[in-house]
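Heavy-atom basis, side chains included; hydrogens, waters and symmetry copies ignored.
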Amino acid sequence: MAELKRKQYNKELSKNVFENQLVTRENSGLSYIELRLLTIESGGVYEESLTDLEVCAVVLTGKATITEGQHCFNNIGTRDDVFEKIPTDSVYVSAGKTYQVTTETEARILLCYAPSTLDLPTQLIAAADNTVEKRGIYQNKRMVHNIMDDQSTVSDKLIVVEVFTDSGNWSSYPPHKHDQDNLPVESFLEETYYHEMNPRQGFVFQRVYTDDRSLDETMAVENGDVVIVPKGYHPVSVPDGYDGYYLNIMAGPTKKWKFHNDPDHEWILSRT
C-alpha cells in the first residue's frame with residue numbers, strides 16, 4: 001500500500017507558481033481522488049486542461065481570479081488565514097475543460113479532483129453558499145464548512161468540506177469508516193485530509209485502521225501535511241494549545257456519505 005502521509009514541499013511549476021502537494025491516482029493507490037496544493041505569488045498564472053477529472057478549486061487564502069471559457073470569477077477569496085474560521089470561495093469546473101487561475105497578490109489554492117464523465121456547468125461556489133455546522137459535545141467539538149456535500153448538484157463525484165477542531169478536541173470521532181459499497185447501509189468513499197495547525201509549529205495525531213488491523217497506522221501530522229485514507233476508520237486528535245484545520249476531499253462510485261461507526265466506540269454518542 002502507498003504511504004498514507006505526504007509532507008509539504010515547494011516545487012516551482014512556472015514563474016511565481018509553486019506546487020506544495022500532489023496526490024495522483026498513480027502515486028497514491030487511490031482510484032477516485034487527486035489533489036494539488038498551489039502557492040501562487042503576485043502575477044502568477046496557472047492553467048490546466050482537464051481530461052477525465054472534474055475539479056473544485058478552493059481559495060484557501062488570498063484572492064484569485066479563475067476563468068473558464070466565458071466564465072470569469074474576479075478577485076475571489078475571503079481570508080488571509082484559514083483560522084479566521086470564515087467560509088471561502090471556490091470554483092467548480094467539469095472534466096474536459098480548460099481553466100486558468102491568476103493572482104495579483106499571493107494566494108494558496110487547493111485543487112480537488114475526481115473522475116467524471118458529466119459535462120456540468122462551471123460554477124462559483126460563494127462563501128455565502130457554504131453551509132456551516134457545529135458538531136459534537138464535550139471534547140468532540142468541531143465546526144464544519146460544507147463547500148460541496150453529498151446533496152450538492154454542482155459536482156458529479158466530489159464532496160469537499162472544511163473542518164475546524166479546537167484545542168484539546170477530537171475530530172472524525174467516534175472513529176467511522178465508509179469503505180463498503182453497500183448502500184443504504186454504507187457507501188464507498190475514498191478520502192484525503194489536508195491539515196493546517198495554529199500556531200504553525202503544532203501537530204495532530206491521526207490514526208487510520210481497519211477492523212482486522214491489516215491497516216493500522218498512527219501518524220504525527222504537521223502543518224501542510226496530507227493524509228490519505230483509502231479505507232478504514234480515521235480519527236484525528238488535536239493537542240492542548242493548538243487548533244486544527246483540515247480540508248477533506250471524498251469521492252467514490254456514488255456521491256453519498258453514509259458511514260459506519262466503530263462499534264467499540266459508538267457508545268460515546270449516547271452521552272448527554
Side-chain angles (χ1 to χ4, degrees), residues 3 5-28 30 33-84 87-116 122-127 147-148 155 158 160 162 192-197 200 222-228 245-249 251:
E3 62 181 342
K5 186 176 75 171
R6 301 293 178 84
K7 301 298 295 181
Q8 185 171 261
Y9 57 87
N10 198 44
K11 175 184 177 183
E12 187 169 12
L13 298 183
S14 59
K15 183 180 179 181
N16 295 341
V17 179
F18 299 87
E19 180 183 86
N20 308 127
Q21 288 281 4
L22 178 64
V23 175
T24 68
R25 289 167 287 180
E26 290 74 25
N27 71 20
S28 68
L30 299 176
I33 294 175
E34 296 196 6
L35 171 159
R36 176 179 273 117
L37 175 64
L38 298 176
T39 298
I40 305 179
E41 296 178 346
S42 177
V45 179
Y46 175 78
E47 183 172 288
E48 181 174 28
S49 295
L50 299 167
T51 54
D52 65 330
L53 298 170
E54 60 182 355
V55 68
C56 177
V58 181
V59 184
L60 291 177
T61 59
K63 291 188 178 292
T65 294
I66 300 179
T67 58
E68 184 283 309
Q70 300 302 309
H71 304 278
C72 183
F73 306 106
N74 283 299
N75 209 32
I76 62 172
T78 64
R79 60 200 185 194
D80 295 321
D81 190 299
V82 298
F83 288 100
E84 292 175 32
T88 191
D89 300 314
S90 306
V91 171
Y92 171 82
V93 181
S94 66
K97 296 178 180 177
T98 298
Y99 70 99
Q100 187 179 84
V101 183
T102 60
T103 62
E104 294 183 4
T105 59
E106 182 175 290
R108 285 188 304 121
I109 314 293
L110 189 63
L111 302 174
C112 314
Y113 305 92
S116 174
T122 298
Q123 291 195 44
L124 172 68
I125 307 166
I147 297 171
M148 293 192 301
S155 68
L158 277 170
V160 181
E162 297 183 304
T192 57
Y193 281 66
Y194 165 70
H195 286 274
E196 292 194 21
M197 288 84 203
R200 298 290 189 237
E222 298 182 311
N223 192 71
D225 288 353
V226 168
V227 172
I228 296 167
Y245 162 92
Y246 54 79
L247 184 143
N248 286 138
I249 307 170

Would you say [X] and [Y] make side-chain contact, with heavy atoms under 4.5 Å?
X	Y	result
Tyr246	Val227	no
Leu37	Gln8	yes
Leu50	Glu48	yes
Glu19	Leu38	yes
Leu60	Thr88	no
Arg79	Val59	no
His71	Leu124	no
Val17	Val45	no

Could you tell me the separation between the [atom1] atom of [X] and the [atom2] atom of [Y], rounded to the nearest 0.5 Å?
X	Y	atom1	atom2	result
Tyr113	Ile33	OH	CD1	13.5 Å
Thr61	Glu196	OG1	CD	7.5 Å
Thr192	Leu247	OG1	CG	7.5 Å
Thr39	Lys11	OG1	NZ	14.5 Å
Glu222	His195	CD	NE2	11.5 Å
Arg108	Asp81	CZ	CG	7.5 Å

Which atom names give the shortest non-hydrogen contact between [X] and [Y], and what distance separates them?
X	Y	result
Thr78	Glu84	O-OE1, 4.1 Å
Asn16	Gly44	CB-CA, 3.8 Å
Pro115	Leu53	N-CD2, 3.6 Å
Ala107	Thr103	CB-CG2, 3.9 Å
Ile147	Cys56	CG2-SG, 4.2 Å

Without swapping roles, check the side chain of [X] against the backbone of [Y] for a donor-acceptor pair under 3.5 Å.
X	Y	answer
Asp89	Ala127	yes
Thr105	Ser42	no
Glu54	Ser155	no
Gln21	Leu35	no

### Message
Could you go through Glu34 and Arg25, starting from their C-alpha distance and side-chain angles, then the distance that decides it, and tell me whether this counts as salt bridge (Lys or Arg N to Asp or Glu O under 4.0 Å)?
### Response
CA-CA 6 Å; Glu34 296 196 6; Arg25 289 167 287 180; 2.8 Å; yes

### Query
side chain to side chain contact (heavy atoms under 4.5 Å, CB included) between Asn248 and Tyr193: does it pass, once the steps are laid out?
CA-CA 5 Å; Asn248 286 138; Tyr193 281 66; 3.3 Å; yes

### Message
Is it the case that over 12 heavy atoms from other parts of the model lie below 6.0 angstrom from the CD atom of Gln100?
### Response
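Count over threshold, so yes.
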
### Query
Do Leu111 and Tyr46 pass the side chain to side chain contact (heavy atoms under 4.5 Å, CB included) test, and can you show the C-alpha distance, the side-chain angles, and the key distance before you say yes or no?
CA-CA 11 Å; Leu111 302 174; Tyr46 175 78; 3.7 Å; yes

### Message
For Glu68 and Thr122: C-alpha separation, side-chain torsions, deciding distance, then whether side-chain hydrogen bond (donor to acceptor under 3.5 Å, both in side chains) applies.
### Response
CA-CA 7 Å; Glu68 184 283 309; Thr122 298; 2.6 Å; yes

### Task
Mind running side chain to side chain contact (heavy atoms under 4.5 Å, CB included) on Ile76 and Thr65 for me, showing each step along the way?
CA-CA 6 Å; Ile76 62 172; Thr65 294; over 6 Å; no

### Query
Hey, what's the ring geometry for Tyr194 with Tyr245, parallel, tilted or perpendicular (30° and 60° as the breaks)?
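Because their plane-to-plane angle is over 60°, the rings of Tyr194 and Tyr245 count as perpendicular.
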
### Task
Please assess Val160 against Ser90 for the test side chain to side chain contact (heavy atoms under 4.5 Å, CB included), listing each intermediate value before the final yes or no.
CA-CA 10 Å; Val160 181; Ser90 306; over 6 Å; no

